[in-house]
There are 2 protein chains.
Amino acid sequence: MSTQAETVAAADTNLPRAAHEAAFAGLDIEQLRKYVQVTRHKVVAGQSLYHAGQPFTALYFVQSGCLKTVELAEDGRDQVTGFRMRGDFLGVESIGLKQHACSAVALESGEVWELPYPAMLAACRDMPELQARLTAALAEEIRNDHAWMLAIGTLNAEQRVASFLVDVARRYARMGYSARHFILRMRRTDMANFLALKHETVSRVMSRLDELRLIEVERREVRVLNDAGLRQLAGMRAC
Amino acid sequence: MSTQAETVAAADTNLPRAAHEAAFAGLDIEQLRKYVQVTRHKVVAGQSLYHAGQPFTALYFVQSGCLKTVELAEDGRDQVTGFRMRGDFLGVESIGLKQHACSAVALESGEVWELPYPAMLAACRDMPELQARLTAALAEEIRNDHAWMLAIGTLNAEQRVASFLVDVARRYARMGYSARHFILRMRRTDMANFLALKHETVSRVMSRLDELRLIEVERREVRVLNDAGLRQLAGMRAC
DNA sequence: CGAACACTTGATGGACTTCAACCACGGTGG
DNA sequence: CCACCGTGGTTGAAGTCCATCAAGTGTTCG
């Protein structure tokens, strides 16, 4: 098995497990179990974890796989608001509501933990770290959204795609996978929707980034050839 | 003095005070004072309440006036992420960080309450409703951001501006002002930046909405002539 | 009163969308 | 086994919406 740092993330390869295996958002999962009935759910590609309008009863914690969250309007317009992977919470945006505000759809098969919300609330009273971790997850989601707004509002198509790829690489690196070589989990259409573009535009831009030798693209497989160049195009200081 | 429902919101007119005056986010302000040293701050137009990078020490609660939150990149790109008015919290997006993630700038003079964060945390332990209210504010901010993403990602310039005006009207109505006649608190540039457009485009669209007799515009003064029409254009079912 | 700022309106160009055709891949079943 | 089809992805040509550049008006404030 290759080293963790160079493992290419894929549903059917050996996964780096590391400290994450037993950890739950940096908290003691055993302690949590005393308060919360944690249910493990398998999800398969295309399946939705919850739909907008369904009763909100639980938060979810992604253990493996990748899901998209989708905001949708009555008239059919829809917007991908984010992609969630291992270590991410799902459903926090519906806290305080009776019903889910958006939908969550699996892009590949994986596993999520269901955390009944009332029990979580009770657990928070006795576990300040849990409360802090949940609040931090909410605040981080807001910061992510604001970063996205900045990108969409100020960057052109090429910069948006570059910036998206840099972000994906960073997230894979955090999970112990390679930041240089990865498989995108979403279709061009989902990327495009998320970036407020059309899938043809994303496709064209990806080809152009390939021509520029910043990356190497083969459908969903991406290899980063010039990390600094990609970051610079993304409008970020090389860091 | 006119009835509350028809009061035009303006800094120098009589304000409807109603239940809001003594209330703090629907909570007992006197109880909060036992835990938290609440400081009242006057802000004047153009002044910034905090800057990105400054130490995060407190949340703020807007008592009067209007502020914009601005996300900014190292290279000078900036994005208005929202407008805050009476009853809104400020600074929640920086929870969990040492430093503020964005800046808050006053668009007109007003008053905000400073709520030292460590004390707020302590107060939350003894006041579950405060905890719930804060978490709800965070979740609501996320839903607002997602709604914005949906708008920016799926609507054209005309629809975005219409949808913005409908939202402004709704917020004024909630505060007890008229939803039919109001004064915008921000410059065209701020609106445009928020809507991911240029100020010339916003200006043109406003004129066009005027031509269509959906609204009547005179610089920052807006009168809604055809509410249903405006909502329909905004891509919402008339509600 | 004049200067700076905010807003409006026009003319032109460009970036992205739209429409369309085509290719690659993966599964299914004859 | 491979023909067949559906889905996802790529690429080209034409069109549109918004940005850009530019000029002019109105308002505010020192």
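None of these values were measured; they are calculated from a predicted model. Naming convention: chains lettered A, B, ... in sequence-line order (proteins, then strands); numbering from 1 in each chain.
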B/Glu200 CD - C/dA11 P separation (whole Å): 15 Å
Shortest non-hydrogen contact between B/Gly46 and B/Val105, atoms and distance: O-CG1, 3.7 Å
Integer-rounded Å distance: C/dC25 P and A/Ile183 CD1: 14 Å
Residue-phosphate contact under 4.0 Å: B/Thr201 side-chain N/O, D/dC17 OP1/OP2: no
Nearest-nucleotide comparison on DNA chain C, the residue closer to the 5′ end among B/Arg220 and A/His199: B/Arg220
Interatomic distance, B/Glu216 CD vs C/dT8 P [rounded to whole Å]: 14 Å
d(CD, B/Glu158; C1', D/dC18) in whole Å: 12 Å
Donor-acceptor pair (no angle test) under 3.5 Å: A/Arg204 side chain, D/dG9 base: no
Phosphate OP1/OP2 of C/dT9: any B/Ser203 side-chain N/O under 4.0 Å: no
Value in whole Å for how far the P atom of D/dG8 lies from CG of A/Asn193: 14 Å
Closest non-hydrogen atom pair, B/Glu221 against B/His181: OE2-NE2, 2.7 Å
Nearest-angstrom distance from the residue atom CZ of A/Arg185 to P of D/dG9: 14 Å
side-chain N/O A/Arg219 vs C/dC25 OP1/OP2, d < 4.0 Å: no
A/Thr69 side chain vs A/Gly82 backbone, donor-acceptor pair below 3.5 Å: yes
Length of the line joining B/Arg208:CZ and C/dT9:P, which is rounded to integer Å: 13 Å
Exercise: identify the closest heavy-atom pair between A/Gln79 and A/Asn193: NE2-O, 2.9 Å
Plane angle bin for A/Tyr60 and A/Tyr50 - parallel if under 30°, tilted between 30 and 60°, otherwise perpendicular: parallel
Interatomic distance where CD1 belongs to B/Ile152 and C1' belongs to D/dC18 [whole Å]: 13 Å
A/Arg187 side-chain N/O to D/dT7 phosphate OP1/OP2 under 4.0 Å: no
